[in-house]
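Here the structure is a predicted model, which is why all the values come from computation and not from measurement.
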Amino acid sequence: MSMRRFLVALGAGLLVLACAESTAPPIEPPPFVAGAGPRHLRWKATPSRPHFIAHPTPPSGSSQGLLPAIAFDAGGSPGGPFTASFWAVAGETRSVTIEYTEGDDEEDETYPFAQLVVPGGALVQLPDGTPIAPGDSVFITATVDPDFLIVNLQPGGLVFSAADPAQLWLWYAGADQDFDGDGDLDSIDSYIEGELLTIWYHQAPEDPWTIIEARHFEGSQVFKIDLQHFSGYAVSY
């Protein structure tokens, strides 16, 4: 090979190497173990587990008032799962917001964790295949895991409209921000949040977890999921 060809080949090789280096991730991503499933985010460590509260909330800008008390219920045992239930009605937009506090005082500031919005045109079919007619109601329950950022929505198998789906918002500001659990906050945690963190779901506790399409608003630390059905949903990587 002539010196000229050698220098051209060397230059091309260096250019490829420089491009590869410029597009490579700035840090080494955490190891992935095949078949191990997702790594769910845990609630932030505080003197006590997070305390949850829930209330029915009309969508922003709506003139609709709070839902009647008889249509809504929430509760849970200390340290156990928290549940919030309400009646969704075909033809009416209804929603529920679940918030948490980081202390035991009722006056502590609350932060959002989950909001479920069921638009008026969302309800299509019951789990047994029965079509849902205008005015029909469905009893919906959301259960929050006390250890991980997981919410389970029931009844499973409820079908929503693809054109006007139910919407689930999940905030993860209340999670331990040391996402990889190595004891410090560093570039690996930032990489996990920006590149790996997403929403996983499963139909039943015995089913494997699968990634579902979700929109990530990283600056607000929230995911938005358009739901075609009800399942368990987790903020994970």
Can you name the nearest heavy-atom pair linking [X] to [Y], along with the distance?
X	Y	answer
Pro119	Ala166	CD-CA, 3.9 Å
Tyr233	Leu170	CB-CD1, 4.2 Å
Asp178	Gly183	OD2-N, 2.8 Å

Under a 4.5 Å side-chain heavy-atom rule over Ile, Leu, Val, Met, Phe, Trp and Tyr, are [X] and [Y] clustered together?
X	Y	answer
Tyr111	Leu116	yes
Val96	Ile225	yes
Phe230	Phe82	yes
Ile188	Leu41	yes
Ile212	Leu153	yes

Show me the side-chain donor-acceptor pairs of residues 133-142 shorter than 3.5 Å, one per line, residues at least two apart or across chains.
{"from": "Asp136", "atom 1": "OD2", "to": "Ala133", "atom 2": "N", "distance (Å)": "2.8"}
{"from": "Thr141", "atom 1": "OG1", "to": "Ser85", "atom 2": "OG", "distance (Å)": "2.8"}

Do [X] and [Y] have side chains that get closer than 4.5 Å, going by heavy atoms?
X	Y	answer
Pro165	Gln228	yes
Tyr237	Asp180	yes
Thr101	His51	yes
Ile211	Ile199	no
Val235	Thr198	no

Trp43 and ring-ring contact (aromatic ring centres under 6.0 Å, His included): which single residue from Tyr100, Trp171, Phe148 fits?
Tyr100
Would you mind telling me which of Tyr201, Tyr172, Phe113 makes a ring-ring contact (aromatic ring centres under 6.0 Å, His included) with Phe223?
Tyr172
Rounded to the nearest 0.5 angstrom, the CD-CG distance for Gln177 and Leu185 is 7.5 Å
Can you tell which of Leu149, Thr83, Ile150, Ile98 makes a side-chain contact (heavy atoms from CB on, under 4.5 Å) with Val144?
Ile98
Would Arg39 and Ser236 satisfy side-chain contact (heavy atoms from CB on, under 4.5 Å), going step by step from the backbone distance to the final call?
CA-CA 5 Å; Arg39 185 166 180 171; Ser236 315; 5.8 Å; no
Who passes side chain to side chain contact (heavy atoms under 4.5 Å, CB included) against Glu99, sequence neighbours left out?
Ile53, His55, Thr97, Thr110
Taking only distance into account, with no hydrogens and no angle test, what donor-acceptor pairs under 3.5 Å do side-chain atoms of residues 122-129 form with protein atoms, sequence neighbours excluded?
{"from": "Asp128", "atom 1": "OD1", "to": "Thr130", "atom 2": "N", "distance (Å)": "3.0"}
{"from": "Asp128", "atom 1": "OD1", "to": "Thr130", "atom 2": "OG1", "distance (Å)": "2.8"}
{"from": "Asp128", "atom 1": "OD2", "to": "Thr130", "atom 2": "OG1", "distance (Å)": "3.4"}

Could you please spell out the steps behind the side-chain contact (heavy atoms from CB on, under 4.5 Å) verdict for Leu158 and Ile132?
CA-CA 10 Å; Leu158 184 64; Ile132 299 175; 4.0 Å; yes
Do any pairs count as a side chain to side chain donor-acceptor pair (under 3.5 Å) and have a residue in residues 150-167, sequence neighbours left out, and if so which ones?
Asn152-Gln154
Enumerate the salt bridge (Lys or Arg N to Asp or Glu O under 4.0 Å) contacts for residues 183-207, please, sequence neighbours excluded, ordered by first and then second residue.
none
Show me the pairs that pass salt bridge (Lys or Arg N to Asp or Glu O under 4.0 Å) and involve residues 208-235, at least two apart or across chains.
Lys224-Asp226
Mind running side-chain contact (heavy atoms from CB on, under 4.5 Å) on Val118 and Val89 for me, showing each step along the way?
CA-CA 9 Å; Val118 183; Val89 180; over 6 Å; no
Kindly assign one of parallel, tilted or perpendicular to the pair His40 and Trp209, based on the angle between their ring planes and the thresholds 30° and 60°.
perpendicular
